[in-house]
Q: 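Take this structure first; my questions come after.
As the structure lists them, so they are numbered: ligands from 1, and atoms in each ligand from 1.
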Amino acid sequence: MRPLALTTVLLSLAGTAAPQAIQFDQGRKIWLLKTAENSYAMGLDAQSQLQHLYWAGPLWRIDDIPAATVKSDISSFDPHQMIENEEFPGWGGVRYYETALKVTRADGNRDLVLHYASHHIDGDQLDITLKDIRDDIRAVLHYRVYPAAGIIARWSTIENHTPKAITLESAQSATWYAPPGDGYRLSYLSGRWAAETQLNQEPIHEGMKVLESRLGHTGHNLNPWFAIDKDADEEHGGVYFGALAWSGNWRITVEQTPYRQVRVTGGFNTFDFSYPLPPGESLVTPTFYAGFASHGFGQASRLLHNLEREDIAPGHPNSRVRPVLYNSWEATTFDVNEEGQKALADKAAKLGVELFVMDDGWFGKRNTDNAGLGDWFVNPQKFPHGLGALIKHVNDLGMDFGLWFEPEMVNPDSDLYRAHPDWVMNFPGRPRSELRNQLVLNVARDDVKEYMFKALDKMVSENNIRYIKWDMNRTFGEPGWPEAAPAEQRTLWVKYVWNLYDIMARLREKHPKLEIESCSGGGGRVDLGVLRYVDEYWPSDNTEAFDRLRIQEGYSQGYAAEFMSAWVTDVPNMNSRSTPLQYRFLVAMQGALGIGANLNKWTDEDVQLATKMIALDKRIRDTVQRGDLYRLLSPRTNDTTANEFVSKDASEAVLFAFRHSQQYSTTPPVIRLRGLNPAVVYKLESIDGKLVDTQTEMSGAYLMQNGLNLKLVNDYDSTAVVLKRLP
Ligand code: DGJ
């Protein structure tokens, strides 16, 4: 059963109403937002500008916070507007840093100075309306406080109440500030296809670092997550962290100014951005979640993971733990047919698989990646009885059935493209650049959106499909929208994503049991925006287990294990590397376990080990998927990697450990556990006898102070220890 949300537990323990999450000091015009882990304050200065005042560990006394003041100009080159930490600066006056809103009026006037107009507090949400000093252009700043999760969500609504159209050139969700100072470090996730979410850390110097996607989708190259610290490690030190919930062009800038300000601004990417707002219309920006953790990167990740499970992902708090999945892709690629899939399903069911997913190749004339995308009807040569016979077979074996789609794409060699060549994004008379022989449908168009919805809805309505693997295998190209008025054409970047979310939301609403996996050639669409509509991410096409350790480490900074699909595949895999089957299983069991191997090639010994590992996964997955993650040893800095998951009540823990390649006969480091209850005794179960320690029962205190010794001696050695609290 899913653990109760922490808020609920706190409330029932206290037996009283929760303390107010949002306080307002009317006299000094200060707002204080409070969570269990941190506090955040802002206030109005004498010129009615909203200034950021505080963001760090929890405060209980609003009187401690000094009121906002208008600073003095330092020189004619350093005006006070450049020095103040404005909470949501408009581009106007003498502000030349990264502002949060930039507009052009119909007559070309671009000056915008935002002052406080009003505010409204409703439970855990605060809305502050800022208005231009002359025109009725408003920015409503929304703050949603998650008191137990220790996180604040911010987004903004830009409203045009003037009689004429305006054009937005920058619309950001939020501006955040770390306390002024030097010596900060930025952590971010970068990579490329098959090497996503690598954790990078670098000093923040004066100037601006831009993290962004201009690719149309979230992107493999940079992920919309950041963290800022001075001297934190996994368990100690203050960490500011945040994640932007958007699956299109996004941008997060991290700026250190000559005045020692450290400013993070995030929202829609300003690249090729132009959004007209006719009179009376508004634009809502993506949500930017952020928090401050006093106990290191580990705590920062755990806070985000809790929020994702409890407040973002669909179905909370009653969603099922992720089932063990089989996916046919690496076994068959496009060569799928009824008999072949049935044979794989028979084998998968015997191993204990619960969800059988048929990947690419089942539709249209799809025999290679040259053709078929867009034609979402079953290929009659491969499936003469439709999908019904296969799905019945899979269901009779006790498994759910899932199916691959790539709904946003079309191959020029498809019935859809022949009928609607205008449906792809394009600039008339210009080339249409193909990647993987495919073009991107202009999902911003409502007729395209309806086609996609109907095609998917028909398949899901006519077949017992529990799960869609939603793929997206290329970046945008020539993002033109010739049918729209020229001033509207660049809204494609934003409307595409809204329509994408809308299709997913409508499908889920109509088919409440339907689950969706977000895949974009691996981890090209891993973000908190799409997480509102999907149950799993596919973090990388790289399923090679040693490479995965680092991809997973980076992924885990921002995203919970529950949503990370992880397959065991055949070897040799990428890098021509071969790792033992147990190693591959234990790597994958740190997420939502899947098998992507060609089961027809597995030996009896493989089957025996796999059956054992899948049974183990089912025993521990509640703790892995719903518990707290402690990254004990990093694959970036050690030849041993260790991760521990602890159930919310600390009654169960699972330690996973991996040795890359030991040298000079060194013993692996002693592994000190975290997050256990020091006052109770745990029973230890080694899955393979690689525990050096001979005691099978140890207190939480000993395990955390002294630690465990593991026999990891071979290259790509691995083990796991399951700890259960004794009654
Ligand atoms: C890319 C995905 O990431 C793979 O898992 C697979 O589904 C292929 N596309 C299919 O074309």
Q: Ion pair present between D375 and K365, side-chain N to carboxylate O less than 4.0 angstrom?
A: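 Answer for the salt bridge query: no.
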
Q: Quick check, are the ring centers of F268 and W246 under 6.0 angstrom apart?
A: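 Yes.
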
Q: Mark up the atoms of ligand 1 that fall under 4.0 Å of a heavy atom belonging to K469, in ascending order.
A: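 Reading through ligand 1 atom by atom, the close ones are 4 (C), 5 (O), 6 (C), 7 (O).
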
Q: So if I count the atoms of ligand 1 from 1 in the order they appear, which ones are less than 4.0 Å from some heavy atom of G522?
A: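 Those atoms are 3 (O).
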
Q: I need the nearest protein heavy-atom contact for atom 6 (C) of ligand 1: residue, atom name and distance, please.
A: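 Among all protein heavy atoms, the one nearest atom 6 (C) of ligand 1 is D359 OD1, 3.4 Å.
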
Q: Does a side-chain N-to-carboxylate-O contact under 4.0 Å join E562 and R626?
A: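 Yes, E562 and R626 are salt-bridged.
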
Q: With ring-ring contact (aromatic ring centres under 6.0 Å, His included) as the test, would you mind laying out the steps for H305 and Y559 before giving the verdict?
A: CA-CA 6 Å; H305 298 171; Y559 308 97; 8.3 Å; no

Q: Can we say E478 and R430 salt-bridge, meaning some charged N sits less than 4.0 Å from an Asp/Glu carboxylate O?
A: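 No salt bridge links E478 with R430.
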
Q: I'd like to check the side chain to side chain contact (heavy atoms under 4.5 Å, CB included) partners of N269; sequence neighbours left out, ordered by chain and number.
A: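 E212, R214, N249, R251, F271.
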
Q: With a cut-off of 4.0 Å, which atoms of ligand 1 are near a heavy atom of N473?
A: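 The atoms of ligand 1 under 4.0 Å from a heavy atom of N473 are 1 (C), 9 (N).
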
Q: For atom 11 (O) of ligand 1, what is the nearest protein heavy atom, given as residue, atom name and distance?
A: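 Result: D360 OD2, 2.6 Å.
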
Q: Which protein heavy atom lies closest to atom 1 (C) of ligand 1, and at what distance to 0.1 Å?
A: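 Its nearest protein heavy-atom neighbour is D471 OD2, 3.0 Å.
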
Q: Which of the atoms of ligand 1 are close to C519, meaning less than 4.0 Å from one of its heavy atoms?
A: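 Selected atoms, number and element: 2 (C), 3 (O).
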
Q: With nothing but distance in play, are any N or O atoms of W404 less than 3.5 Å from an N or O of ligand 1?
A: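 Between W404 and ligand 1 (N or O atoms, distance only) the closest approach is under 3.5 Å.
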
Q: Just let me know how N327 lines up against ligand 1, side chain, backbone, both or neither, with a heavy-atom cut-off below 4.0 Å.
A: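 N327 to ligand 1: no contact under 4.0 Å from either part.
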
Q: Tell me the contacting part of R436 for ligand 1: side chain, backbone, both, or neither, using a 4.0 Å heavy-atom threshold, strictly below.
A: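 The answer is the side chain of R436.
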
Q: Are D502 and R506 close enough, and set up right, to give a salt bridge (charged side-chain N to carboxylate O under 4.0 Å, His left out), and what steps lead you there?
A: CA-CA 6 Å; D502 186 57; R506 280 163 66 195; 3.5 Å; yes

Q: Quick one: look up the protein heavy atom nearest atom 3 (O) of ligand 1 and list residue, atom name and how far away it is.
A: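 Its nearest protein heavy-atom neighbour is D541 OD1, 2.3 Å.
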
Q: For the pair F356 and Y326, name the ring-plane relationship: parallel under 30°, tilted 30 to 60°, perpendicular over 60°.
A: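 Taking Y326 first and then F356, their aromatic rings lie parallel (interplane angle under 30°).
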
